[in-house]
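Letters A, B, ... mirror the listed sequences (proteins, then strands); counts begin at 1.
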Amino acid sequence: MIIASWNVNSIKVRLPNVLEWLKQRNPDIACLQEIKCIDANFPVQAFEELGYNVAVHGQKTYNGVAILSKLPFDEVQSRLPGDESDGQARYLEAVVPADTGVLRVASIYLPNGNPVESEKYSYKLDWMERLQAHIGRLLAYEEPFVLAGDYNVIPAPEDVYDPQAWAGDALFRLETREKFYAMINMGLTDAFRACSDQTHQYTFWDYQRGAWARDHGLRIDHLLLSPQAADKLKGCQIDKDVRGGERPSDHVPIWLELD
DNA sequence: ATGTCGATACTTTATCGA
């Protein structure tokens, strides 16, 4: 079973790229972020024609997440608990049937948080605390789950082309990383890092300053696994070539294979 | 020194977010 995550940066613009990639990679489940459209404008039919069930949590202009699944949805929940006043569409969770029991998957678009002196950064930190609390509840089920998404967190210096240049950024500063480690330390597995010691393997290259041509990238899209999912992990890869395609997203797909 | 992309609206350029 292949489970993927991809920040598409507007599904309206990226639909041809996404359809082409789905046909090639053929994931069982694909978690999308930054669809940047309301539910009614999400191209459900195009995905259904490829055999996917579709769950969407959209928003006008910003954010928006979706899950495409060849397996039917038993359950779908479209908000991260902990703040009823949070209107940003950044979390979508679904349960699908698995060979033994169930598999839970979430599509996550964690706030960017820049600039750090603004309320955007406190919102990011609050959001991470809410996610950590939710992870605690999910772990209690002792079931396989995959939290897939754009975390806007660079876990370690080897995950960025120039750590010094990013030291104070909301994606890399220690306070951010500590919150990320706190989640990992609850018992989650970073699928890519569990499968590879390779440094400087990126999932995002900025559109600006020739970042792609210079390989100035960041590893900020992650697949975090519960112990029960990690036991089934066979491999994890980044589809880097997608960034060199026509009218690409600034992020590329990352995917894992479970037994 | 410069360099991008996508969505929006009192739109055809400026602004915001990333």
Side-chain angles (χ1 to χ4, degrees), chain A residues 5-21 31-44 46 56-66 80 85-92 107-128 131 148-155 159-163 165-173 175-177 179-180 202-222 238-254:
Chain A
S5 179
W6 191 7
N7 178 324
V8 297
N9 187 16
S10 167
I11 194 61
K12 182 183 174 189
V13 171
R14 221 66 62 200
L15 183 61
N17 313 51
V18 175
L19 292 176
E20 184 187 354
W21 172 79
C31 298
L32 307 181
Q33 301 88 34
E34 270 204 282
I35 61 172
K36 291 186 171 177
C37 69
I38 60 173
D39 290 7
N41 292 342
F42 193 74
V44 172
V56 194
H57 181 37
Q59 183 181 338
K60 188 180 180 182
T61 312
Y62 306 120
N63 312 316
V65 286
L80 180 64
S85 69
D86 184 1
Q88 300 191 30
R90 296 178 173 278
Y91 188 87
L92 182 61
S107 184
I108 288 172
Y109 180 43
L110 206 144
N112 176 296
N114 280 306
V116 292
E117 63 276 5
S118 73
E119 73 289 339
K120 289 179 183 174
Y121 190 58
S122 53
Y123 174 67
K124 176 177 192 157
L125 296 179
D126 290 346
W127 209 94
M128 294 181 86
L131 181 57
D150 175 1
Y151 281 74
N152 272 312
V153 175
I154 301 162
D159 298 314
V160 51
Y161 66 96
D162 182 357
W166 286 79
D169 192 276
L171 278 63
F172 189 55
R173 70 199 311 257
E175 198 175 359
T176 302
R177 289 155 62 193
K179 287 249 185 300
F180 185 75
Y202 308 130
T203 62
F204 165 91
W205 294 260
D206 201 298
Y207 288 122
Q208 301 185 66
R209 294 176 294 276
W212 168 244
R214 298 162 183 235
D215 198 26
H216 285 183
L218 314 173
R219 190 171 75 89
I220 54 175
D221 298 87
H222 308 297
I238 296 165
D239 283 335
K240 180 179 180 180
D241 291 352
V242 168
R243 186 64 176 80
E246 196 175 331
R247 232 183 158 186
S249 169
D250 40 6
H251 297 250
V252 297
I254 178 171

Exercise for the section: Answer yes or no: does a side-chain N or O of Ser10(A) lie under 4.0 Å from OP1 or OP2 of dA7(B)? Expected result: yes

Completion exercise
Here the distance between atom P of dG17(B) and atom NZ of Lys124(A), to the nearest Å, is 16 Å

Exercise for the section: Without swapping roles, check the side chain of Ser107(A) against the backbone of Leu92(A) for a donor-acceptor pair under 3.5 Å. Expected result: no

Practice task
Please state how far atom CD in Glu246(A) lies from atom P in dT4(B), giving the value in whole angstrom units.
Solution key: 18 Å

Handout entry: Gap between atoms OH and C1', on Tyr109(A) and dG6(B) respectively (whole Å)
Key = 12 Å

Problem - Nucleotide nearest Glu34(A) when distance is taken to its side chain, options dT8(B), dA7(B), dA18(B) - result: dA18(B)

Exercise for the section: Describe the nucleic acid contact of Phe204(A) in one word from base, sugar-phosphate, nothing, applying a heavy-atom distance below 4.0 Å. Expected result: nothing

Handout entry: For atom NE2 of His251(A) and atom P of dC5(B), their distance in whole Å
Key = 15 Å

Practice task
Rounded off to whole Å, could you give me the CG-to-P distance for the Asn112(A) and dG6(B) pair?
Solution key: 18 Å

Exercise for the section: Pick base, sugar-phosphate or nothing for Arg214(A), based on heavy-atom distances below 4.0 Å to the nucleic acid. Expected result: base

Handout entry: Minimum-distance nucleotide (side-chain atoms of Lys60(A) versus dT8(B), dA7(B), dG6(B))
Key = dT8(B)

Exercise for the section: Take atom CD1 of Ile220(A) and atom C1' of dA18(B), then tell me their distance rounded to the nearest Å. Expected result: 10 Å

Fill in the blank from the handout: In Ile108(A), Leu110(A), Val65(A), the residue satisfying side chain to side chain contact (heavy atoms under 4.5 Å, CB included) with Gln33(A) is Val65(A)

Handout entry: Any Tyr91(A) side-chain heavy atom under 4.5 Å of Asn63(A) side chain
Key = no

Handout entry: Heavy-atom side-chain contact between Ile154(A) and Arg219(A) under 4.5 Å
Key = no

Exercise for the section: Please figure out whether Asp206(A) or Lys36(A) has its closest DNA chain B nucleotide nearer the 5' end. Expected result: Asp206(A)

Exercise for the section: Give a yes/no on whether any side-chain N or O of Lys120(A) is located under 4.0 angstrom from OP1 or OP2 of dG17(B). Expected result: yes

Practice task
Measure the distance from OH on Tyr62(A) to P on dT8(B) and round it to the nearest whole Å.
Solution key: 9 Å

Handout entry: Nearest listed nucleotide, side chain of Asn9(A), among dA9(B), dG6(B), dA18(B)
Key = dG6(B)

Problem - Ring center gap for Phe180(A) and His222(A) short of 6.0 angstrom - result: yes

Handout entry: Rounded P spacing from dT8(B) to dG3(B) in Å
Key = 26 Å

Practice task
Take Arg209(A) and Arg247(A), find for each the nucleotide of DNA chain B with the closest heavy atom, and name the residue whose nucleotide sits nearer the 5' end.
Solution key: Arg209(A)

Problem - Atom-to-atom span, OH of Tyr151(A) to P of dA18(B) - whole angstrom - result: 18 Å

